[in-house]
Amino acid sequence: MAFTKIIHRISNTEYRIPNIEYRISNTAHRIPNSQHQPTRIKMAEEKLPTRAENFAEWYNQLVLKSELADYAPVKGCMVVRPYGWALWENITAALDKRFKETGHVNAAFPMLIPMSFFEKEKEHVEGFAPELAVVTHGGGSELEEPLAVRPTSETIIGHMYSKWIKSWRDLPVLINQWGSVLRWEMRTKLFLRTAEFYWQEGHTAHADKDEALEEMYRMLDVYTDFAVNEAALPVLKGYKSETERFAGAQITTSIEGMMQDKRALQSATSHYFGTNFAKAFEIQFLNKSNALQFAETTSWGLSTRIVGAIVMTHGDDQGLVLPPRLAPIQVVIVPIFKNDDEKSKVMEVAERVFAELKAAGMRVKVDDRDNVSSGFKFNDWEMRGVPVRLEVGPKDVEKGSVALARRDKPGREGKSFVSQAGLASTVSGLLVEIQDALLKRATDFRDANIHDPKSYDELKKVLENGWAFSWWCESKECEAKVKEDTKATTRNIPLDQPEGHGTCVVCGKPAKKKVYFAKAY
RNA sequence: CGGGGUGUGGCGCAGUUGGCAGCGCACCGCGUUUGGGACGCGGGGGUCGUGGGUUCAAAUCCCUCCACCCCGACCA
């Protein structure tokens, strides 16, 4: 990228900032006595490639055109745009509520970590060394000790916990942090893998193993509950294999989702560290018997990657399809008119409907742009995944009706005409229906694409276009062979296993556990 | 780091005997439009990735460097 081009890009960005007026109606459709301009939204142009044509390109263009995110001038970094951030805020709100309900508190730890901290836990340093970004200079001179930009915070938090934890009375410590981390990545993709990403990382310390394990499972359940009930993502929870485990963990659990291209996406993780980090950072306390003891620690995280999961699970060839519970805008009202006379009548109804839905707690927006046609607006809001579109035209004013279009069923099938009377309950009912329909559709798709191959040859065939749920002897050799032959990896081993045992689909030896194999992001 | 490719207005591109740098979209203004991606007229915007060379003359020919994209080894 030439220097002049960068300048252009930067200055263009600056130029457009005042023009981007993204607002959700929770803040109000019109703010009286404020000097804000009429709502202006950058238009989503052109059509997307279809998912069948080119899934990767469909995803890239969709994320850009729906204005979830844009590329930053630094390779591998993304800018989360207001619409994408509004979605993320709804995600964080739903999770944060659950964290608080399970007894956690939020705090903030520094972004810069002394390099020496990473060397204290052997596996941790081996796992993260290749992805570290390191600060070597500050204030114009070279630093005595280089500082790593955090790729995750186990080390710095371990250091602080050793200062804070002295007695069994100090435990448990249940802290969560919302922030971003940086991992140097070779190949990046918006939301799914960027150098810097936003996330939440919980770090807890406990007096004994059972309590720490309970915490790990509890948070995995929190993620599952969030994914299923808020994001409508039918995730599968289980244990990671030794090779797929977090660097430094004794047990790693995850939730895994199936995208529409049938690749797996790890959507959140929850780890049990035993006393690994406690020993590395000397997190010790006096127990009730006055004996010095190492604490048991856990960590668990969910990142902006979940936005990618939502896009790739629910999106269609028209654009995003957002689950109503997380959608920044749940209902968009499109007024339709030919002249000023019609406009005033239509707008009166539109504003009244807006107020009713808003009062009923829905996130609503009136699209009163007058420089684009209504047909354009339909496509535009479909691109952005708004669950319900409500059209108000002159005919509706006469008949006391509105047109309702549900995003999960494009075209005529999803469109109906309903009375203005009782509209708030009609629409809120429809939002619930859409939420349920998205979960059901994704669950059916997932179940239809998980297979149970009877032989290794069949396994290889199945993994070309789906997942396998197979008996596995848990050896690294068999896992590596599958990866070598098919590029698929073990995703996780379900917590709840079927009865009995079988034979490993790879080597034929006795196997106690069934595992999901899939190609993963 | 290996293999392949591309650099020309914001985006996508055209530009061969070397001779005034163009088109579509987007953007700005005015008017007509608006129930599934409207149209007309008028505008603004580019040291052709960088540095050098050849030439009366370079986006175009030669060399240097740089950046980005795609494919392989690491990863929430």
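By convention in this document, chain letters (A, B, ...) are assigned in the order of the sequence lines, proteins followed by strands, and residues within each chain are numbered from 1.
- Between B:G43 and B:C70, the two P atoms lie 40 Å apart (nearest whole Å).
- Residues A:Arg98 and A:Glu230 are paired through a salt bridge, judged by an N-O separation under 4.0 Å between the basic side chain and the carboxylate.
- For A:Glu391 and B:G35, the CD to P distance is 10 Å, given to the nearest whole Å.
- Rounded to a whole angstrom, the distance from the C1' atom of B:A58 to that of B:G49 is 16 Å.
- Side-chain nitrogen and oxygen atoms of A:Ser373 include none within less than 4.0 Å of the OP1 or OP2 phosphate oxygen of B:U34.
- Using a 4.5 Å heavy-atom threshold, the side chains of A:Leu236 and A:Arg491 count as separate.
- At the heavy-atom level, A:Arg412 lies nowhere under 4.0 Å from the strands shown.
- When Watson-Crick and G-U wobble pairs are counted only if both distances are under 3.5 Å, B:U55 pairs with no nucleotide at all.
- Closest contact between the side chain of A:Met186 and the listed nucleotides B:A73, B:A76, B:A38 involves B:A73.
- Spacing between B:G45 and B:U6 at atom C1', rounded to whole Å, works out to 24 Å.
- Base pairing analysis places B:C25 opposite B:G10; the two distances defining the Watson-Crick or G-U wobble pair are each below 3.5 Å.
- Between B:C48 and B:G15, the distance separating the two C1' atoms is 11 Å to the nearest Å.
- Pair assignment for B:U60 gives none, since no Watson-Crick or G-U wobble pairing has each distance under 3.5 Å.
- Contacts of A:Lys377 with the nucleic acid, taken as non-hydrogen atoms under 4.0 Å apart, are absent.
- As rounded to the nearest Å, B:G24 and B:A14 have C1' atoms that lie 10 Å from one another.
- For B:G53 and B:A57, the C1' atoms lie 15 Å apart once the distance is rounded to whole Å.
- With a 3.5 Å ceiling on both atom-pair distances, B:G35 lacks any Watson-Crick or G-U wobble partner.
- One interatomic measurement links the two molecules: CZ of A:Arg183 to P of B:C74, which rounds to 16 Å at whole-angstrom precision.
- Nucleotides B:G12 and B:U64, compared at atom P, are 28 Å apart to the nearest Å.
- In this structure, CG of A:Asp367 is placed 14 Å from C1' of B:G36, rounded to the nearest angstrom.
- For A:Glu348, the CD atom is loosely surrounded, since the number of other residues' heavy atoms within 6.0 Å does not exceed 12.
- Using a cutoff of 4.0 Å between basic side-chain nitrogens and carboxylate oxygens, A:Glu413 and A:Lys415 are not scored as salt-bridged.
- Residue A:Ala403 is in base contact, counting any heavy-atom pair closer than 4.0 Å across all strands shown.
- Picking from B:U34, B:A76, B:G72 the nucleotide with the shortest atom distance to the side chain of A:Ser303 gives B:A76.
- A:Lys343 comes within contact range of no nucleotide atom at all, as no heavy-atom separation falls under 4.0 Å.
- As a whole-Å value, the separation of A:Asn371 CG from B:G37 C1' is 13 Å.
- When the P atom is compared between B:G51 and B:A59, the two are found 13 Å apart, to the nearest whole Å.
- In summary, A:Asp316 and A:Arg407 engage in a salt bridge, as defined by a charged side-chain N under 4.0 Å from a carboxylate O.
- Atom P of nucleotide B:U32 and atom CG of A:Asp340 are separated by 10 Å, given to the nearest angstrom.
- Of all heavy-atom pairs spanning A:Ser374 and A:Val334, the tightest one is CB-CG1, 4.2 Å.
- To the nearest angstrom, P of B:C74 lies 18 Å from CG of A:Leu132.
- The side-chain tip of A:Arg389 points at the ring of A:Phe378 from less than 6.0 angstrom away and within 45° of straight on.
- Sequence order on RNA chain B of the closest nucleotides to A:Arg305 and A:Asn339 puts A:Asn339 first from the 5' end.
- For the pair A:Arg305 and A:Phe191, the cation does not sit on the ring face, since its NZ or CZ is not both under 6.0 Å from the ring centre and inside 45° of the axis.
- Atom CZ in A:Arg369 sits roughly 13 Å away from atom P in B:A26 (whole-Å rounding).
- Between A:Thr188 and A:Ala520, the residue anchored nearer the 5' end of RNA chain B, judged by the nucleotide with its closest heavy atom, is A:Thr188.
- Nucleic acid contact for A:Leu192: base, since at least one base atom lies under 4.0 Å from a heavy atom of the residue.
- Regarding A:Glu382, its CD atom lies at a distance of 8 Å from the C1' atom of B:G36, rounded to whole Å.
- Here the side chain of A:Gln266 is nearest to one of B:G36, B:G35, B:A76, namely B:A76.
- Looking at heavy-atom distances under 4.0 Å, A:Ser401 makes no contact with the nucleic acid at all.
- Scanning atom types as modelled, one donor and one acceptor separated by under 3.5 angstrom connect the side chain of A:Asp396 and the base of B:G35.
- Using a 5.5 Å limit on the distance between ring centres and a 30° limit on the angle between planes, the aromatic ring of A:Phe197 counts as stacked on the six-membered base ring of B:A76.
- The residue A:Gly393 sits close to a base: some heavy atom pair falls under 4.0 Å.
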